[in-house]
Amino acid sequence: MNDEQLKEHIELTTDKTFRFTAERLVLKCGIRADLKGSDALADCVILYGVGAVTGYCDIYRAVGKLRGVSSKSVIREISYAIAQAFDIEEKFSALVGIRVRRQDIHCSLLIAYLGKLFRNPDLSIFDDKRNDIA
């Protein structure tokens, strides 16, 4: 990742509207806000939701670069936050509208679904500022 991409990712993940939307989605899944994985997952949702980064390995690498840790640390933090979430299967299933078993919930699944919800104007306050879509 070059300096220009890093700067763009920092701007995206610190945008107040994007941050509020991503954190709200993460909290609705029952993931505790006091865990580092909660913030890392919100960063991943923002980057995936706006289409800045699309491959999961690339997302973990980008968030690791933002946070000064390895991509494996990002995955480990998010996985720990998922493991600590109370009733994540019920809350996540209600949020996305399909039944998901707890053993099927992992980092990439959350990023994919929450990223899609992040872009949905009916479910979030997302406003794609880069394309001037209201």
* To do: Verify side-chain contact (heavy atoms from CB on, under 4.5 Å) between Ser79 and Cys107, making sure each step is shown before the conclusion.
  => CA-CA 6 Å; Ser79 296; Cys107 302; 3.3 Å; yes
* **Step-by-step side-chain contact (heavy atoms from CB on, under 4.5 Å) determination, Lys65 to Leu6** => CA-CA 8 Å; Lys65 186 84 167 173; Leu6 180 61; 3.9 Å; yes
* **Glu23 vs Asp39, side-chain contact (heavy atoms from CB on, under 4.5 Å): CA-CA, chis, key distance, verdict** => CA-CA 7 Å; Glu23 287 176 351; Asp39 291 330; 4.1 Å; yes
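Within a 6.0 Å sphere centred on CG of Asp3, heavy atoms belonging to other residues, nucleotides or ligands number 12 at most.
Here the straight-line distance linking atom CG of Leu47 with atom CG of Asp58 works out to 11.0 Å at 0.5 Å rounding. Rounding to the nearest 0.5 Å gives a distance of 5.5 Å between CD1 of Ile88 and SG of Cys29. Remark: Glu11 CD to Phe18 CZ distance equals 11.0 Å, nearest 0.5 Å. Atoms CG and CD, from Leu35 and Glu77 in turn, are 9.5 Å apart once rounded to the nearest 0.5 Å.
Nearest heavy atom pair, residue Asn2 against residue Gln5, reads OD1-N, 2.7 Å. Pairing each heavy atom of Thr54 with each of Ile59, the nearest pair is O-CD1, 4.1 Å. Nearest heavy atom pair, residue Lys28 against residue Lys91, reads O-CB, 3.4 Å. For Phe118 against Ala22, the heavy-atom pair with the smallest separation is CE1-N, 3.9 Å. The minimum heavy-atom distance linking Arg102 with Ile82 is given by the pair NH2-O, 3.3 Å. Nearest heavy atoms, Ala33 versus Ser38: CA-OG, 3.8 Å.
With a 4.5 Å cut-off on side-chain heavy atoms, Leu110 and Ile31 count as touching. Side-chain contact between Arg61 and Val74 is absent, with no heavy-atom pair separated by less than 4.5 Å. Side-chain contact check for Glu8 versus Glu4: every heavy-atom pair is 4.5 Å or farther apart. In this structure, the side chains of Asp43 and Arg67 come closer than 4.5 Å at one or more pairs of heavy atoms. Here the side chains of Ile98 and Ser93 are not in contact, with every heavy-atom distance at 4.5 Å or above.
The side chain to side chain contact (heavy atoms under 4.5 Å, CB included) test with His9 singles out one residue from Thr14, Val63, Val53, Ile46, and that residue is Val53. The residue from Val45, Val96, Val100 that alone fulfils the side chain to side chain contact (heavy atoms under 4.5 Å, CB included) condition with Tyr113 is Val96.
Partners of Tyr60 under the ring-ring contact (aromatic ring centres under 6.0 Å, His included) rule, at least two apart in sequence or in another chain, do not exist in this structure. Every residue two or more places apart in sequence or in another chain was checked for a side-chain hydrogen bond (donor to acceptor under 3.5 Å, both in side chains) with Asp87, and none qualifies. Residues meeting the side-chain hydrogen bond (donor to acceptor under 3.5 Å, both in side chains) test with Arg99, sequence neighbours left out: none.
A cation-pi geometry, defined here as NZ or CZ lying under 6.0 Å from the six-membered ring centre and within 45° of its normal, holds between Arg119 and Tyr48.
Under the 4.5 Å side-chain contact rule for hydrophobic residues, Ile78 and Tyr80 do not share a cluster. When the side chains of ILVMFWY residues are joined at heavy-atom separations under 4.5 Å, either directly or via intervening members, Leu27 and Leu117 end up in two distinct hydrophobic clusters.
In terms of modelled atom types and a separation under 3.5 Å, the side chain of Arg19 and the main chain of Thr13 share a donor-acceptor contact.
For the 3.5 Å distance criterion, the side chains of Ser73 and Arg76 qualify, holding a donor opposite an acceptor.
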